[in-house]
J.: 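The structure that follows is given in the form of structure tokens.
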Amino acid sequence: MNFLIENAKRAQITLSKYVVIAPLNISNLKIVGGVDVSYKKDFGCASAVAYNIQQDNVVTYTIYCDKVSIPYIPGFLAFREAPLIIKALNKILSKTRLDVLFVNGHGLAHPRKFGIASHIGVVFNMPSIGVAKNLLYGEIIAYGDKKAIVVNGNVVGYVITNNNHKIYVTIGHKVTAEEAMELVLKTWKKAYALPEPIRLADEISRKEVRRLAAKL
DNA sequence: GCGACAG
DNA sequence: ATCTTGTCGC
């Protein structure tokens, strides 16, 4: 089966209508999830991590690996990674609840306002936030001491810095741009390039890919 | 046509 | 994202 970009575009445009931008009320949040995928050629491993932000520790985590058939195409990352992420998420949701999910990539800072963070959030009807190391779409506008990520005149997220590290935080689903930024700042340790839930998912998925690749 | 381009 | 060991530096 071939991957048809025109069909994928229509799917994104249609699904983007289901994205909700609303306050999450992050003050009492406890379990923050993080997901990421690592690869070895066309073999990928997704990891989902549940992180307790009140106790600063990992509650549990899951892994799901499989061959991937769709290549990385800018603007269509979700079609490559979502199949693995969905499996890892279903596994972790059978063990714990997640109050919000951090996804490695963008949410509304996307040509069709439907980056992978929004995609996963809508599919699971769960609050989600995009965390990316590079910009895909949108412009950066400084407002005082903050740098907003703007798409079609709307602030969809913020650029935040930590030592030498810079990350782009955007609305995925069921959260506001300000809350997304606050929540990421709250889980971002100074020594690392990414907030804990995603940093750990990245570390676990990468180790798993290497472990399995060594057995081949 | 040219340049940009999450992971 | 990944290819890739040890090594230079804070």
Side-chain angles (χ1 to χ4, degrees), chain A residues 3 5 8-9 11-12 15-16 19 34-49 63-89 101-123 128-140 147 149-152 156-160 162-173 177 180-181 184 189-195 197-214 216:
Chain A
F3 174 66
I5 287 186
K9 271 188 191 174
Q12 291 177 327
L15 292 172
S16 70
V19 173
V35 289
D36 190 34
V37 186
S38 293
Y39 301 90
K40 171 74 175 182
K41 293 290 186 65
D42 60 351
F43 183 77
C45 287
S47 175
V49 169
I63 297 172
Y64 182 83
C65 303
D66 200 358
K67 187 181 189 305
V68 293
S69 55
I70 296 172
Y72 166 66
I73 301 169
F76 302 93
L77 175 64
F79 293 90
R80 172 176 170 80
E81 302 198 333
L84 299 180
I85 290 175
I86 288 169
K87 292 285 183 48
L89 269 181
L101 180 69
F102 288 1
V103 181
N104 206 333
H106 291 285
L108 295 183
H110 178 277
R112 289 164 293 282
K113 299 183 175 64
F114 204 65
I116 191 168
S118 298
H119 195 126
I120 297 296
V122 165
V123 167
S128 64
I129 294 168
V131 178
K133 295 190 286 294
N134 296 92
L135 186 65
L136 168 69
Y137 187 80
E139 58 181 319
I140 308 304
K147 289 176 185 276
I149 302 169
V150 178
V151 172
N152 294 335
V156 299
Y158 291 96
V159 184
I160 56 181
N162 187 332
N163 288 348
N164 325 326
H165 307 299
K166 174 169 69 174
I167 55 180
Y168 298 81
V169 178
T170 57
I171 296 169
H173 184 52
M181 172 177 61
V184 168
K189 295 190 177 181
K190 204 168 188 180
Y192 302 106
L194 293 167
I198 288 196
R199 180 184 74 80
L200 293 163
D202 176 78
E203 180 177 292
I204 292 167
S205 62
R206 181 179 280 96
K207 281 183 179 171
E208 185 67 1
V209 151
R210 293 194 181 297
R211 191 180 72 77
L212 293 179
L216 297 180

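A quick note: this is a predicted structure, and the numbers were derived from the prediction, not measured. Below, chains carry the letters A, B, ... as their sequence lines are ordered, and counting in each starts from 1.
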J.: Quick one, A:His119 with A:Phe79, criterion ring-ring contact (aromatic ring centres under 6.0 Å, His included). Give me CA distance, side-chain angles, the key distance, then yes/no.
T.: CA-CA 9 Å; A:His119 195 126; A:Phe79 293 90; 5.7 Å; yes
J.: A:Val151 versus A:Leu108: any side-chain heavy-atom pair under 4.5 Å?
T.: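 No, too far: nothing below the 4.5 Å cut-off.
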J.: Apply the side-chain contact (heavy atoms from CB on, under 4.5 Å) test between A:Arg199 and each candidate in A:Val49, A:Asn104, A:Leu194; give the one that qualifies.
T.: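 Answer to the side-chain contact (heavy atoms from CB on, under 4.5 Å) test with A:Arg199 among A:Val49, A:Asn104, A:Leu194: A:Leu194.
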J.: Is the shortest heavy-atom distance from the side chain of A:Cys45 to the side chain of A:Val209 under 4.5 Å?
T.: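 Yes, side chains in contact.
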J.: Side chains of A:Val169 and A:Tyr158: closer than 4.5 Å at any heavy-atom pair?
T.: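 Of all side-chain heavy-atom pairs linking A:Tyr158 with A:Val169, none is under 4.5 Å.
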J.: Flag yes if more than 12 heavy atoms outside A:Tyr192 fall under 6.0 Å of its OH atom; otherwise flag no.
T.: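 Open: at most 12 neighbouring heavy atoms sit under 6.0 Å from OH of A:Tyr192.
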J.: Please, what dot-bracket string fits DNA chain B when only Watson-Crick and G-U pairs with both distances under 3.5 Å count, crossing ones use [ ] and pairs to another strand use |?
T.: .......
J.: Answer whether the closest heavy-atom distance between the side chains of A:Phe76 and A:Arg112 falls below 4.5 Å.
T.: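 When only atoms from C-beta onward are counted, A:Arg112 and A:Phe76 do touch, with a gap below 4.5 Å.
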J.: Are the side chains of A:Glu81 and A:Ile116 in contact, using a 4.5 Å heavy-atom criterion?
T.: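 A side-chain contact exists here, since the closest heavy-atom pair is under 4.5 Å.
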J.: Spell out protein contact along nucleotides 4-10 of chain C as letters: B when the base is contacted, S when just the sugar-phosphate is, - when no protein heavy atom is under 4.0 Å; keep the 5' to 3' order.
T.: -------
J.: Are A:Asp66 and A:Pro83 close enough that some pair of their side-chain heavy atoms sits under 4.5 Å apart?
T.: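 The answer is no; the side chains never approach within 4.5 Å.
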J.: When every nucleotide of nucleotides 2-7 of chain B is labelled 5' to 3' by its protein contacts under 4.0 Å (heavy atoms), B for base, S for sugar-phosphate only, - for none, what sequence of letters results?
T.: ---BBB
